[in-house]
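Every chain is numbered from 1 and lettered A, B, ... according to where its sequence line falls, protein lines coming before strand lines.
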There are 2 protein chains.
Amino acid sequence: MTTMKEIAEKTGVSVSTVSLVLNKRDAGRVKPDIARRVRQTATDLGYKPNPLARSLRTSKTRILGFISEEVATTPYAGGIILGAQDAASTYGYMLITVSTDGRASEESEIAALKRYGVDGFFYSKMSNRIATVPKSLSDYPVVLVDATDANNALPSVEPDEFRIAFDATSRLIEAGCERIAYIGCSENMIAQDGRLAGYRAALEGTDQGFDESLVCNVLNNGPALRAVNALFDTRNPDGFFCFNDARAWYVYECAARRGLTVGRDISVVGVDNHRVFAETLEPQLTTVELPHYEMGYWAACKLISMIEDKPVDTAKWPRTTSPMPPLDAPIPAKIHCALIEKGSVAR
Amino acid sequence: MTTMKEIAEKTGVSVSTVSLVLNKRDAGRVKPDIARRVRQTATDLGYKPNPLARSLRTSKTRILGFISEEVATTPYAGGIILGAQDAASTYGYMLITVSTDGRASEESEIAALKRYGVDGFFYSKMSNRIATVPKSLSDYPVVLVDATDANNALPSVEPDEFRIAFDATSRLIEAGCERIAYIGCSENMIAQDGRLAGYRAALEGTDQGFDESLVCNVLNNGPALRAVNALFDTRNPDGFFCFNDARAWYVYECAARRGLTVGRDISVVGVDNHRVFAETLEPQLTTVELPHYEMGYWAACKLISMIEDKPVDTAKWPRTTSPMPPLDAPIPAKIHCALIEKGSVAR
DNA sequence: GTGAAAGCGCTAACAA
DNA sequence: TTGTTAGCGCTTTCAC
């Protein structure tokens, strides 16, 4: 591992000159010729700065702490983390992820992260919830991911729940469905509210309009399956917007028992896409994929821009199907990732 | 953030004495009384060592690098990482995870990790594959997780594939099933080989014996579903061992179309448990859960023991249902995690 | 037994 | 325009 000292000796200048040049602070301070020679030997020797030593001086580590619940239990976390990682690595940062699943250790994890000198934090709940960020984070830059700050004081990156359901429902309408059901979640969550509103808005613009009796909010397992079954009996829907994979499965199960084929007899649009569904239900199922990767990527960009206190170049951000949101919005800012659509049309 | 200097001043000793005491190198070098006072003020001030400064001297960072594919696409990764994190945090380490999904960036990620001074690496493929560890890792401690070293030179932690299928099949036999099918994977992988062997061994100990025509290896989507459907037609199995969730779903779909109910008309044991299945199929489905958490935990213990060059205390490891494997085995060592069983009996 | 001092690799005042 | 110098917090040798 080559050091600045070696470069300095080899070039015949002092370490500080090398430092200036290599940190791009040489404008008008170091002779262009010397600067060039320094840069040359640096690349010759394959110089890479030692982040630890740098951190010791600057107390900036270029390490980001990612705090989340449920990393272990959802397949989504990975996408978010991957996106955050990509963005981080683009800007020369690394991620340390800790998850607090089922443990009361959040505070000690945060303390550990602080000791390692992270420059800022992601605070993530998987699947858009209201979150209360621990006070121990209050003197650090923080961005919420797939979550909304209870105090509405911190920037967050979230999916555009309304649009997810609005677009998906519109798609079913265009496909000619006449009795479009909403299979949702009876738990109280942001996603449920936003999506139900989007579904409703899409239908209210049409002849069929919004019909409460086509809304079926369920939890899980047997009771959920029975509720969907009852909906089939009473309203015989020909189109389904499903809150998530599990809800889509109830529809599939009921359809199979009735000899109905998805994509022919009924149309189903589901949100998200567990791997298992990609292997089984596709391509009959139309899926609306949440842009987890983009959420992570955007959040990292936002966090880094806060840390470095300069606007980031939004042109480099990966795009979803939606227009780019305003980026340098003041804090608190909610940045809505829009949806990604995948799969064939329902019918 | 209190420093050693502050402790030294407050106690009226020098920094070096503080260092000696706090690093437990004071035996016979520092007066017990002084040592006690140092320790006292340290706790009074809530002293936590600055890992960065320490690293600069020792070139040990107590950071572990976790390299994996597919973090984004499987829900399993989370469990492994969580386990590794827990173990790491128990021993005062942190994890930096990088994933190399669909990117040619592996080498640059490794280089970045090295620059951050990681003490060792996890190299993980999700779902037990033969892996070739990059040569750039060869001068570091490395442990493979859910993967087998192609050169058989590195320690690895893997599930006990044979036992997974042996136990699951035995369970179906005990439940009285007489035509037990194996719904497997037609891709060539360690897990497939091991599990098929386990299934076969369990059946060969019984009257029904092993019957090739009950083995159905499939890939995905329509073709897979049709193959399972054909198996239903030709052999009418009453018990199923399913390689994974997707395979279990094919069985469910076929059963639903025939009006059969799982847990009553047929018995199904599936490996793994995506969250979506826990919400839908349980408790009818018997699941054999791979011990991802334990794999991560054990791997971290192994890696740390290599780094610190001392045996770890295996008594603290989380247990699965299997007996503890020999731990201080010389390298190369394969440490087999056994399975965890969950869910109700099939019938 | 204890402390002074050097130095890990780098940055940033300040001098020259 | 460049170099000297003084640390960042910690470990470690070597005098005392």
Side-chain angles (χ1 to χ4, degrees), chain A residues 1-39 41-42 45-63 92 111-112 114-119 307-308, chain B residues 1-39 41-42 45-63 92 112 114-119 308:
Chain A
M1 194 137 259
T2 53
T3 70
M4 282 195 175
K5 195 175 171 191
E6 291 170 27
I7 298 177
E9 282 166 358
K10 192 126 187 265
T11 324
V13 294
S14 78
V15 210
S16 27
T17 307
V18 176
S19 175
L20 282 179
V21 173
L22 264 26
N23 287 309
K24 302 195 176 77
R25 313 182 149 285
D26 59 323
R29 331 238 276 104
V30 178
K31 266 203 207 105
D33 185 52
I34 300 230
R36 209 186 31 69
R37 279 174 47 218
V38 168
R39 265 186 276 272
T41 43
L45 267 44
Y47 171 79
K48 296 285 176 190
N50 180 331
L52 272 62
R54 169 181 292 172
S55 305
L56 198 55
R57 281 297 311 183
T58 60
S59 57
K60 293 273 172 231
T61 53
R62 301 186 87 82
I63 295 179
K114 284 186 176 178
R115 243 175 294 128
Y116 276 89
V118 297
D119 295 340
I307 291 168
E308 301 185 347
Chain B
M1 193 135 262
T2 53
T3 69
M4 282 195 175
K5 196 177 172 190
E6 289 168 28
I7 297 177
E9 282 166 0
K10 191 124 188 271
T11 324
V13 294
S14 77
V15 208
S16 23
T17 306
V18 175
S19 175
L20 282 179
V21 172
L22 263 27
N23 287 307
K24 303 195 175 77
R25 312 182 149 286
D26 59 322
R29 330 235 278 105
V30 177
K31 266 204 207 104
D33 185 52
I34 300 228
R36 209 184 33 69
R37 280 174 48 218
V38 168
R39 264 185 278 270
T41 43
L45 268 45
Y47 171 78
K48 296 285 177 191
N50 179 331
L52 273 64
R54 170 181 291 172
S55 303
L56 198 55
R57 283 295 311 185
T58 60
S59 58
K60 292 277 172 223
T61 54
R62 301 186 86 83
I63 296 178
K114 283 186 176 178
R115 243 175 295 126
Y116 275 88
V118 297
D119 295 340
E308 301 187 346

Please check the phosphate of [N] (OP1 and OP2 only) for any side-chain N or O of [X] closer than 4.0 Å.
X: B:Thr17; N: C:dG3; value: yes
X: A:Arg54; N: C:dT11; value: yes
X: A:Tyr47; N: C:dC10; value: yes
X: B:Ser14; N: C:dT2; value: no
X: B:Lys5; N: D:dC10; value: no

For [X] and [N], give me the distance from atom [atom1] to atom [atom2], rounded to whole Å.
X: A:Asn50; N: C:dT11; atom1: CG; atom2: C1'; answer: 13 Å
X: B:Leu56; N: C:dG9; atom1: CG; atom2: P; answer: 7 Å
X: B:Tyr116; N: C:dG9; atom1: OH; atom2: P; answer: 18 Å
X: B:Met4; N: C:dA5; atom1: CE; atom2: P; answer: 19 Å
X: A:Glu9; N: C:dC10; atom1: CD; atom2: P; answer: 12 Å
X: B:Ile7; N: D:dC10; atom1: CD1; atom2: C1'; answer: 12 Å
X: B:Leu52; N: C:dT11; atom1: CG; atom2: P; answer: 14 Å
X: A:Leu20; N: D:dT4; atom1: CG; atom2: P; answer: 14 Å

query: Quick one: on DNA chain C, does B:Lys31 or A:Lys48 contact a more 5' nucleotide (nearest heavy atom)?
result: B:Lys31

Of the listed nucleotides [options], the one nearest the side chain of [X]:
X: A:Arg57; options: C:dC8, D:dT2, D:dA6; result: D:dA6
X: A:Ser16; options: C:dC10, D:dT13, D:dT4; result: D:dT4
X: A:Val15; options: D:dG3, C:dT11, D:dT12; result: C:dT11
X: B:Thr58; options: D:dG9, D:dT11, C:dT11; result: D:dT11

For [X] and [Y], indicate whether the former's side chain and the latter's backbone hold a donor-acceptor pair under 3.5 Å.
X: A:Ser19; Y: A:Val15; answer: no
X: B:Arg115; Y: A:Pro51; answer: no
X: B:Thr61; Y: B:Ile63; answer: yes

Have a look at [X] and say if it touches a base, only the backbone sugar-phosphate, or nothing, with a 4.0 Å heavy-atom cut-off.
X: A:Arg29; result: base
X: A:Thr3; result: sugar-phosphate
X: B:Asn23; result: sugar-phosphate
X: B:Ile34; result: sugar-phosphate

Residue pair B:Tyr116 / A:Arg62, side-chain heavy-atom distance below 4.5 Å: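 When only atoms from C-beta onward are counted, A:Arg62 and B:Tyr116 do touch, with a gap below 4.5 Å.
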
message: Pick the closest DNA chain D nucleotide for B:Thr2 and for A:Gly28 by heavy atoms, then say which residue is nearer the 5' end.
response: A:Gly28

message: Show the nearest heavy-atom pair for residues A:Ile34 and A:Val13, with the distance to one decimal.
response: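 Shortest heavy-atom separation between A:Ile34 and A:Val13 comes out as CG2-CG1, 3.8 Å.
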
- prompt: Quick one: NZ on B:Lys31 to CG on B:Asp26, what's the gap to the nearest 0.5 Å?
  reply: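 Here the rounded value is 13.5 Å.
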
